[in-house]
Amino acid sequence: MHAHLPDGWASPAGREPSGDVERLLADTLLGLGDPLDDEAEDDAPLRELAARLPRLLRVAAAGVLLAAQDGELRVAGASCEPARLLTGQGPGPDSYHEGAEGGAPDLERDPGALPPDYARRALRAGYRAVLALPLRHGKETVGALVLFRAAPGPLDPARADLARTLAGAAALGVLQRRTRRHHARLAAQLQTALDTRVPVEQAKGLLAERFHVPVDVAFDLLRTHARARRLKVTDLALALLAGTATVPGPS
């Protein structure tokens, strides 16, 4: 995924050199999409993203909302405590549920549809504008990015594009990690099923040969004896193969 830094990012006194920001951006994008990090919780790269957003986008603070797979929202990361308290309310949840950008570019003069109490708390924290973008990849929305500015007004177009790029990269990373974990769970379940089936099949063959009966009859013998002894069929099969249990033949 390619992102352009805002025009005029480098050089002015008091601002970070362009090279430093580019390296930070590259490192952030790699961290969000690292396929080797699928064992980590979804929150881990999002906490890092929230901490870096003020430097990357030149905003006062930022927070990231993440929806669990059952849809429950939580604050996955924030650059400071006031942002954490504000991220879980107001435009963040709205942006996630509606799949659209929202917020208020001037909390003091025009808070728009934001609850008055939310706007007052944001102003007391030193924020004059709040902007929210959905964490979305394709048709999947997994959360929202919430940005707080100390001055009124929207992000300039270049920084807005960069924010969308970061939101998309974050969403893709979450979905990739969830998909890999889902496949890992399926593989483990399949392996467990195979591990369970193999000794049962071997025990069926042993009984069929011992009693000269078809394998379906041998399985009935195994299952009936397991039920009578309140054992799992697999446990009885393993004991039978180990020679520590017996199964009576057909009557």
Side-chain angles (χ1 to χ4, degrees), residues 28 31-32 40-157 159-175 177-178:
T28 301
L32 289 172
E41 54 176 330
D42 288 337
D43 289 13
L46 299 183
R47 283 196 296 269
E48 192 70 27
L49 173 64
R52 294 177 174 186
L53 281 170
R55 292 173 64 194
L56 289 170
L57 298 176
R58 292 210 302 266
V59 293
V64 181
L65 273 179
L66 179 65
Q69 289 180 280
D70 62 4
E72 183 178 355
L73 280 173
R74 69 176 185 275
V75 179
S79 61
C80 61
E81 190 58 24
R84 178 179 298 280
L85 295 174
L86 291 164
T87 291
Q89 305 168 25
D94 291 344
S95 180
Y96 163 70
H97 289 298
E98 297 169 11
E101 297 180 14
D106 193 333
L107 287 165
E108 188 172 30
R109 296 184 178 182
D110 184 15
L114 294 182
D117 181 60
Y118 182 92
R120 283 194 296 269
R121 287 186 292 118
L123 286 166
R124 281 200 302 268
Y127 308 136
R128 290 290 306 276
V130 57
L131 312 164
L133 305 87
L135 293 187
R136 183 173 56 216
H137 177 71
K139 295 181 179 180
E140 295 280 346
T141 302
V142 299
L145 203 64
V146 186
L147 307 173
F148 301 92
R149 302 192 69 215
L155 290 176
D156 63 63
R159 277 186 287 171
D161 285 344
L162 179 54
R164 294 183 190 104
T165 295
L166 290 166
L172 179 58
V174 169
L175 292 170
R177 283 187 291 278
R178 288 180 178 177

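Worth knowing before you read on, the calculation uses all heavy atoms, side chains too, and leaves out hydrogens, waters and symmetry mates. For the single chain, residues carry numbers from 1 onward in sequence order.
Here the closest non-hydrogen pair linking Ala50 and Val64 is CB-CG2, 3.9 Å. In terms of heavy-atom proximity, Gln89 sits nearest to Leu85 at NE2-O, 3.8 Å. For the residue pair Ala170 and Leu49, the shortest heavy atom distance occurs at CB-CD2, 4.0 Å. Nearest heavy atom pair, residue Pro91 against residue Gly102, reads CB-C, 4.4 Å. The two residues Thr87 and Gly63 come nearest to each other via the heavy atoms OG1-CA, 3.4 Å. Smallest separation of non-hydrogen atoms from Ala83 and Tyr127: N-OH, 3.9 Å.
Proximity of Leu66 to Val75: side-chain heavy atoms (C-beta onward) are nowhere separated by under 4.5 Å. Between Glu108 and Leu123 the shortest side-chain heavy-atom distance falls below 4.5 Å. You'll find the side chain of Val174 stays beyond 4.5 Å of the side chain of Leu135, heavy atoms only. Using a 4.5 Å heavy-atom threshold, the side chains of Tyr96 and Leu65 count as separate.
Looking at Arg149, its side chain does come within 3.5 Å of a backbone N or O of Gly153 through a donor-acceptor pair. Side chain of Arg128 to backbone of Ala150: no donor-acceptor contact under 3.5 angstrom is found. A donor-acceptor pair is defined here as one N or O able to donate and one able to accept, closer than 3.5 Å; no such pair exists between the side chain of Arg84 and the backbone of Gly77. A donor-acceptor contact shorter than 3.5 Å links the side chain of Ser79 to the backbone of Ala62. The backbone N or O of Leu86 sits less than 3.5 Å from a side-chain atom of Tyr118, completing a donor-acceptor pair.
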**Request:** Report the C-alpha distance between Leu133 and Leu147 in whole Å, list the side-chain angles of each, state the deciding distance to 0.1 Å, and finish with yes or no for side-chain contact (heavy atoms from CB on, under 4.5 Å).
**Result:** CA-CA 9 Å; Leu133 305 87; Leu147 307 173; 4.0 Å; yes
**Asked** Given the rule in the side-chain contact (heavy atoms from CB on, under 4.5 Å) test, do Leu155 and Val59 qualify, once you have shown the distances and angles that lead to the verdict?
**Response** CA-CA 9 Å; Leu155 290 176; Val59 293; 3.8 Å; yes
**Request:** Give the intermediate values and the outcome of side-chain contact (heavy atoms from CB on, under 4.5 Å) for residues Leu107 and Leu114.
**Result:** CA-CA 9 Å; Leu107 287 165; Leu114 294 182; 3.6 Å; yes
**Request:** Begin with the C-alpha distance, continue with both residues' side-chain angles, and end with the deciding distance and a verdict on side-chain contact (heavy atoms from CB on, under 4.5 Å) for Arg164 and Leu145.
**Result:** CA-CA 9 Å; Arg164 294 183 190 104; Leu145 203 64; over 6 Å; no
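Atoms CG and CD, from Leu131 and Glu101 in turn, are 8.5 Å apart once rounded to the nearest 0.5 Å. If you take CG on Asp161 and CG on Asp156, they are separated by 9.0 Å, rounding to the nearest 0.5 Å. Residue Leu172 holds its CG atom at 4.5 Å from NE2 of His137, rounded to the nearest 0.5 Å.
The number of heavy-atom neighbours closer than 6.0 Å to CD of Glu72, taken from other residues, nucleotides and ligands shown, is 12 or below.
Between Glu140 and Arg136 there is no salt bridge, since no side-chain N of the basic residue sits under 4.0 Å from a carboxylate O of the acidic one.
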